[in-house]
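Data block below; observations after.
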Amino acid sequence: MTIRSRPAPEALEFFAGGGLAGLGLSGFDVTFANDIDAMKAAAWRANHLGRLHEGDVWDLTAADVPGRPTLAWASSPCQDVSLAGARAGLGARRSGAFWGFWRLMQALDAEGRAPPIVVIENVVGLLTSGGGEDFATVCRAMAEAGYRVGALEMDAALWLPQSRPRLFIVAMRGVTGATAVGPVDPFHCARIRAAQSQLDEATRAAWAWWSLAAPARRNVHLADLLDADDAVGWFSAEQTRDLVALASPLHRQRLEAAAASGERRVAAAYRRVRVEAGRKVQRLELRFDGLAGCLRTPAGGSSRQYVIVAENGRVWARRLTAREAARLMGLSEDYRLPASESAGLKLMGDAVAVPVVRALSEGLLLPASLGERVAA
Ligand SMILES: C[S@@+](CC[C@H](N)C(=O)[O-])C[C@H]1O[C@@H](n2cnc3c(N)ncnc32)[C@H](O)[C@@H]1O
């Protein structure tokens, strides 16, 4: 008797970066990936065996895409829709790359090869950029192409010690995942409900409240993922003093209380510009809740995250390393980072957290692709 296993469904990874989406898509076989950036492409190739096309998504044609893909994943650039950015919207040049991706999906559709599942990952700012019109336009495009469409806001902090809320728009056609009759916490938060209620009638008719179970309580904290104290470089006492001097009185008080607690307490911290009494001031903002702040692309020293340790009345400080950032994205130690520390931090700051993609894949996408239904 011959026993044949069913081949894994094929997935395409657009805006692939270091390929973290592909690593999380358990059960899928990534047959094609695309990214325009040489450093990202090198990182992808160092960690994957598949085929990556390096270039602009606008230059791709259906002929470049192999096989009959079941799923297309697009982590399109978020700068223009980020709450932190200028919010020029999806019409803007960088975030506009989404439309290069969508044009390719339409070309595959014309050949009868459109993926039945499409996932768009972006910052949650996409829900409100352009007065909500960017989100509505993406959902409308999918609904008009015959997909059922829904969105989930998933924070990596449910799986990893990093605060990283991200938006996942999931569209399905010809297959279906489990749905609930209405919004369900924690993934259909108030922001998603508000954005959904603003959609036009036809798009709302195509809407699905995708059902996904919340994970078990996380028991990993920032301190658990840090390098050993003697394996990393620490700031001098003078540098530490200058850094800590940037903390507001409230944050300084927290730090002093931690140092006096008799325990070892670890904080993550960022420098941020705040307006106080009409003046812009640099502030060091610390968090002692066991989470790192959202990893960002370092565009200058101020966007690098610090690790601050308080113990026995003393305070030490240093920068978070790229390897620690990789752990905060759910990567294992064998993930190959670029040689340069700043390239590694950029790669991780742009990426999607692997366990979040895995949860989405195992709980919704893979069962849908295999024609199974998961209980709502
Ligand atoms: C938010 S990052 C996605 C990172 C990826 N999900 C990961 O986990 O590493 C967006 C990516 O889109 C790429 N990109 C930007 N514009 C592009 C374009 N026009 N064509 C192809 N890739 C583009 C960037 O180089 C960047 O790696």
Side-chain angles (χ1 to χ4, degrees), residues 4-15 21-22 24-34 57 60-76 98-122 135-152 167-182 187-188 196 199-213 357-376:
R4 286 208 196 121
S5 59
R6 184 146 74 162
E10 294 170 22
L12 313 172
E13 190 181 7
F14 292 92
F15 311 102
L25 284 171
S26 42
F28 288 89
D29 180 16
V30 177
T31 54
F32 179 82
N34 168 249
V57 70
L60 291 172
T61 67
D64 293 309
V65 178
R68 297 196 78 79
T70 296
L71 180 145
W73 183 284
S75 291
S76 59
F98 166 79
W99 296 109
F101 159 76
W102 191 245
R103 193 192 55 141
L104 186 62
M105 294 303 104
Q106 290 171 317
L108 289 173
D109 201 7
E111 292 184 359
R113 293 196 294 138
I117 306 176
V118 177
V119 184
I120 310 297
E121 181 237 337
N122 216 295
F135 176 71
T137 308
V138 171
C139 294
R140 196 181 305 122
M142 292 172 158
E144 283 172 359
Y147 288 85
R148 287 185 81 199
V149 59
L152 304 96
L167 175 69
F168 298 85
I169 303 176
V170 177
M172 295 196 197
R173 189 176 88 175
V175 298
T176 187
T179 54
V181 287
F187 304 126
H188 300 140
Q196 189 267 354
L199 299 176
D200 61 62
E201 217 178 304
T203 310
R204 257 186 295 134
W207 184 265
W209 295 107
W210 302 121
S211 171
L212 189 67
V357 181
R358 190 176 298 128
L360 197 57
S361 181
E362 291 176 357
L364 183 66
L365 309 176
L366 193 60
S369 78
L370 299 175
E372 294 166 18
R373 284 174 185 251
V374 178

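Note that these values count all heavy atoms, side chains included, but never hydrogens, waters or copies made by symmetry. What you see is a predicted model, and the numbers here were worked out from it, not measured in a lab.
- Here the side chain of Ser361 pairs no donor or acceptor atom with the backbone of Arg358 at under 3.5 angstrom.
- Between Pro115 and Leu108, the closest side-chain pair of non-hydrogen atoms falls below 4.5 Å.
- Shown here are the side chain to side chain contact (heavy atoms under 4.5 Å, CB included) partners of Leu104, two or more places apart in sequence or in another chain: Phe14, Leu60, Val65.
- When side chains are defined from C-beta on, Val30 does not count as touching Trp73, because their heavy atoms never get closer than 4.5 Å.
- There is no side-chain donor-acceptor pair under 3.5 Å between Trp209 and Ser211.
- Using modelled atom types, one side-chain atom of Glu13 and one backbone atom of Gly22 make a donor-acceptor pair closer than 3.5 Å.
- Classification of the Phe98-Phe101 ring pair by plane angle, with boundaries at 30° and 60°, yields tilted.
- Screening residues 103-112 for side-chain hydrogen bond (donor to acceptor under 3.5 Å, both in side chains), with sequence neighbours left out, gives Asp109-Arg173, Glu111-Arg113.
- In this structure Asp200 satisfies the salt bridge (charged side-chain N to carboxylate O under 4.0 Å, His left out) test together with Arg140, sequence neighbours excluded.
- Side-chain contact between Leu71 and Pro9 is absent, with no heavy atoms from C-beta onward closer than 4.5 Å.
- At a threshold of 4.5 Å between non-hydrogen side-chain atoms, the residues Met142 and Ile169 count as touching.
- A donor-acceptor contact shorter than 3.5 Å links the side chain of Arg204 to the backbone of Leu199.
- For the pair Ser369 and Val175, the minimum side-chain heavy-atom distance is 4.5 Å or more.
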